[in-house]
Amino acid sequence: MENFAASVRQAGVALRDLFEPTPLQKNDHLSAKYGAEIWLKREDLTPVRSYKLRGAFNAMRKIGAGSQGHFVCASAGNHAQGMAYACRHFGTRGTIFMPVTTPKQKIDKTRIFGNGVIEIVLTGDYFDQTLAAAQDFARAQGATFLSPFDDADIIEGQATVGLELLDQIGAAPDLVVLPVGGGGLAAGVTRLLAELAPGTRAEFAEPEGGASLREALLAGAPVTLPVVDNFVDGAAVARIGDLPFRTLAGFDADRVHTAPEDRICATMLEMLNIEGIVLEPAGALAVDVLRDIPDLAGKRVVCICSGGNFDFERLPEVKERAQRFSGLKRYFILRMPQRPGALRDFLQLLGPQDDIARFEYLKKSARNFGSVLIGIETTAPENLDRLRERLETAGIGYRDITHDPALAEFLI
C-alpha cells in the first residue's frame with residue numbers, strides 16, 4: 001500500500017499546474033517578539049488566497065474531473081472559491097450552494113474564479129440548511145459532493161502545505177502551529193509530519209467560539225457544539241470532521257489553544273499595520289496563539305497563515321474589537337443627574353488622552369437621573385482605569401458593559 005507521504009508528493013507535483021509553492025517567510029517582527037525563529041507559510045498567497053484550493057484540486061484530480069463531471073459543494077467562502085477555481089482548471093461543471101446571507105463580494109469572487117463553468121445557488125439562512133440542500137441536489141443529480149474537510153483526498157491535498165514547508169525550510173522545524181476548522185488541514189499535515197519529520201511537534205489553534213477539536217478531544221469523540229460564534233468564519237465549525245478526527249484523536253487537548261475573537265482582531269491589525277500582511281480571521285489564528293504556547297524561546301516555529309480573504313468593509317468592526325481587547329476602548333452606561341451643568345462636570349473628568357467615540361443620552365423629564373451610553377477611546381488601558389476612579393470619586397454611577405455579551409451586542 002502506497003504510503004501517505006508518497007501520495008502527498010504526487011499531489012504536490014500535480015498542483016504545480018495551478019501555482020508554485022506558496023512562500024515560507026521568516027518574520028523578523030514575530031521572531032523578536034517571541035525570542036524564536038518564526039516562519040510564516042503564506043497560504044494567503046495562493047490564487048484563491050487560501051489553502052482550500054489544494055484539497056479541492058486533489059479530490060477532483062483523483063476522481064478524474066473532466067467535461068463530463070459534475071461537482072457540488074456547500075460553502076460561504078474559501079472552499080467554494082477553491083472548488084470554483086479547480087472546476088475552471090479541469091473544465092468541469094460545478095454547482096456551489098451558498099447561504100442567502102453570503103456577502104456579495106464572496107459570491108462575485110466565486111463566480112469569477114469559476115469563469116462560466118460553475119453555477120451558484122443561494123439557499124438557506126443558515127449553513128446547515130445550505131448543506132442539506134447541496135447534498136440533496138448532488139444525490140438527485142448523481143453528482144459528486146465535495147466535502148470541505150471530511151474526505152481522504154481533500155486531506156491528502158491539504159497535506160501538500162506541510163510537504164512544501166519541509167522542502168523549503170531545509171531542516172525540520174521544532175514546531176508547526178496549525179489552524180483548525182473542520183480539521184482537514186491539521187489532519188493532513190500532522191499525518192505527513194509523523195512520516196517525514198517525527199521530531200516536529202504540532203500545536204493547534206481554534207477560535208474560542210468554535211473549539212470543536214478541543215471539545216472532541218476532551219470527550220473522546222466528535223461532538224456538536226450547541227453554539228458557534230461565526231466571526232472567524234473560515235474556522236468556526238460546530239463539529240470536527242469524523243475522518244480528520246481519526247488522525248487527531250491521539251493528541252492531548254492541552255495542545256489545542258483557543259483564541260478569543262477580539263484578540264484575533266488585534267493580531268490581524270498587528271500583522272496589517274506592522275507587516276503589511278492581510279489575513280482573514282482564520283488566517284491569523286496560528287500567529288495569534290503563539291503567546292499561549294510555552295517554551296518558544298530559541299525554537300524554529302512555522303505558523304500556517306491559512307487565508308487572506310478579508311473584506312475591508314469589516315475593518316471598522318475588526319478595529320473596534322481589537323481596541324476593546326487591548327483595553328483602549330470601553331463602553332459605559334452612566335447614571336447622569338438631570339440638572340444644568342451635569343454634562344460639563346462629567347467632561348471635566350476625562351483625561352487629556354480620552355476621547356468620546358459614542359454618546360447617547362435619554363432624558364426623561366419625570367426622573368431625576370437619566371441614562372447615558374458612552375464610548376471612550378484612549379491611548380493606554382490605565383487611562384480608563386483612572387477614569388473609573390474619578391467617576392467613583394465624583395459619585396457618578398456607571399456600569400462597564402464593554403464585555404457584557406447581551407448588552408454589548410444590543411447597544412454597541
Side-chain angles (χ1 to χ4, degrees), residues 19-47 49-51 160-180 185-186 189 193 196-197 199-207 232 234-235 255 257-310 312 315 318-319 321-323 325-328 379-381:
F19 62 96
E20 292 300 307
T22 55
L24 179 70
Q25 300 171 339
K26 184 181 177 184
N27 188 275
D28 291 337
H29 164 65
L30 294 172
S31 296
K33 183 176 180 178
Y34 293 103
E37 189 178 304
I38 307 294
W39 295 75
L40 302 181
K41 180 59 171 165
R42 298 288 306 278
E43 290 303 289
D44 56 301
L45 297 179
T46 74
R49 295 206 291 272
S50 88
Y51 71 94
T160 59
V161 174
L163 186 65
E164 287 179 11
L165 74 84
L166 290 176
D167 288 344
Q168 290 166 319
I169 203 167
D174 298 300
L175 173 66
V176 174
V177 187
L178 294 157
V180 180
L185 174 68
V189 173
L193 292 174
L196 300 184
T200 297
R201 182 179 176 88
E203 302 269 343
F204 307 96
E206 287 189 293
V232 187
R255 288 165 74 169
H257 307 278
T258 56
E261 281 72 11
D262 287 356
R263 195 180 77 181
I264 293 169
C265 292
T267 299
M268 292 170 65
L269 287 185
E270 176 187 5
M271 297 306 293
L272 177 61
N273 293 332
I274 297 177
E275 297 299 294
I277 297 175
V278 178
L279 297 176
E280 63 184 278
L285 272 173
V287 174
D288 182 79
V289 302
L290 285 173
R291 70 193 79 194
D292 300 324
I293 300 174
D295 303 323
L296 282 183
K299 290 187 169 60
R300 177 177 289 183
V301 181
V302 177
C303 295
I304 310 296
C305 296
S306 61
N309 283 309
F310 178 66
F312 272 81
L315 189 58
V318 168
K319 180 182 177 183
R321 297 184 70 151
Q323 286 179 307
F325 168 77
S326 303
L328 302 179
T379 55

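All figures in this text were calculated on a predicted structure; none of them were measured in a lab. In this chain, residues are counted from 1 in sequence order.
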(request) Sequence neighbours left out, what passes salt bridge (Lys or Arg N to Asp or Glu O under 4.0 Å) with E261? Give chain and number order. (result) none
(message) Quick one, F310 with M268, criterion side chain to side chain contact (heavy atoms under 4.5 Å, CB included). Give me CA distance, side-chain angles, the key distance, then yes/no.
(response) CA-CA 10 Å; F310 178 66; M268 292 170 65; 3.6 Å; yes
(message) Which heavy atom of V287 sits nearest to which heavy atom of Y34, and what is that distance?
(response) O-OH, 4.5 Å
(message) For a quick test of reading the model, state the closest non-hydrogen atom pair linking A286 to P179 and the distance between them.
(response) CB-CD, 4.4 Å
(message) For a quick test of reading the model, state the closest non-hydrogen atom pair linking A266 to S326 and the distance between them.
(response) CB-OG, 4.3 Å
(request) Please answer whether the main-chain N or O of T46 pairs with a side-chain N or O of T22 as donor and acceptor at a distance below 3.5 Å. (result) no
(request) Could you tell me whether a side-chain N or O of Q25 sits under 3.5 Å from a main-chain N or O of R42, the two making a donor and an acceptor? (result) no
(request) Using the side chain to side chain contact (heavy atoms under 4.5 Å, CB included) rule, take L290 and L296 through it: C-alpha gap first, then chi angles, then the decisive distance, then the call. (result) CA-CA 8 Å; L290 285 173; L296 282 183; 4.0 Å; yes
(message) Would you compute the distance between atom OG1 of T160 and atom CG of L165 and round it to the nearest 0.5 angstrom?
(response) 10.0 Å
(request) Kindly indicate whether the side chain of L328, heavy atoms from C-beta on, has any atom under 4.5 Å from the side chain of P381. (result) yes
(request) Look up atom NZ in K33 and atom CG in D28, then write down how far apart they are to the nearest 0.5 Å. (result) 14.5 Å
(message) When you compare the side chain of V301 with that of I293, does any pair of heavy atoms fall below 4.5 Å?
(response) no
(request) Mind listing the closest non-hydrogen atom pair of A172 and L166 along with its distance? (result) CA-CD2, 4.5 Å
(message) Counting C-beta onward and ignoring hydrogens, is there a side-chain heavy-atom pair between L163 and L196 closer than 4.5 Å?
(response) yes
(message) Going by salt bridge (charged side-chain N to carboxylate O under 4.0 Å, His left out), name the pairs with one or both residues in residues 289-300, residues two or more places apart or in two chains.
(response) E37-R300, R263-D292, D288-R291
(message) Could you check whether any side-chain heavy atom of V278 comes within less than 4.5 Å of a side-chain heavy atom of D44, counting everything from C-beta outward?
(response) no
(message) Within this structure, what is the CG-CE distance for the pair N27 and M271, rounded to the nearest 0.5 Å?
(response) 5.0 Å
(request) Answer yes or no: is there a side-chain heavy-atom contact under 4.5 Å between L40 and I277? (result) yes
(request) Determine whether E203 and L175 make a side-chain contact, defined as any pair of heavy atoms from C-beta on separated by less than 4.5 Å. (result) yes
(message) Let me confirm one number: the CG-OG1 distance from L285 to T267, rounded to the nearest 0.5 Å.
(response) 9.0 Å
(request) Compare all side-chain heavy atoms of I304 with those of Y51 and state whether any distance is below 4.5 angstrom. (result) no
(message) Taking the side chain as everything from C-beta on, heavy atoms only, tell me whether E280 gets closer than 4.5 Å to R49.
(response) no
(message) Nearest 0.5 Å, please: how far is CD in E43 from CD in E164?
(response) 6.5 Å
(message) Could you go through I264 and F325, starting from their C-alpha distance and side-chain angles, then the distance that decides it, and tell me whether this counts as side chain to side chain contact (heavy atoms under 4.5 Å, CB included)?
(response) CA-CA 9 Å; I264 293 169; F325 168 77; over 6 Å; no
(request) Report the distance from atom CG of L45 to atom OG of S50, rounding to the nearest 0.5 Å. (result) 11.5 Å
(request) Using atom types as modelled and distance alone, determine if a side-chain donor or acceptor of S31 lies under 3.5 Å from a backbone N or O of I38. (result) yes
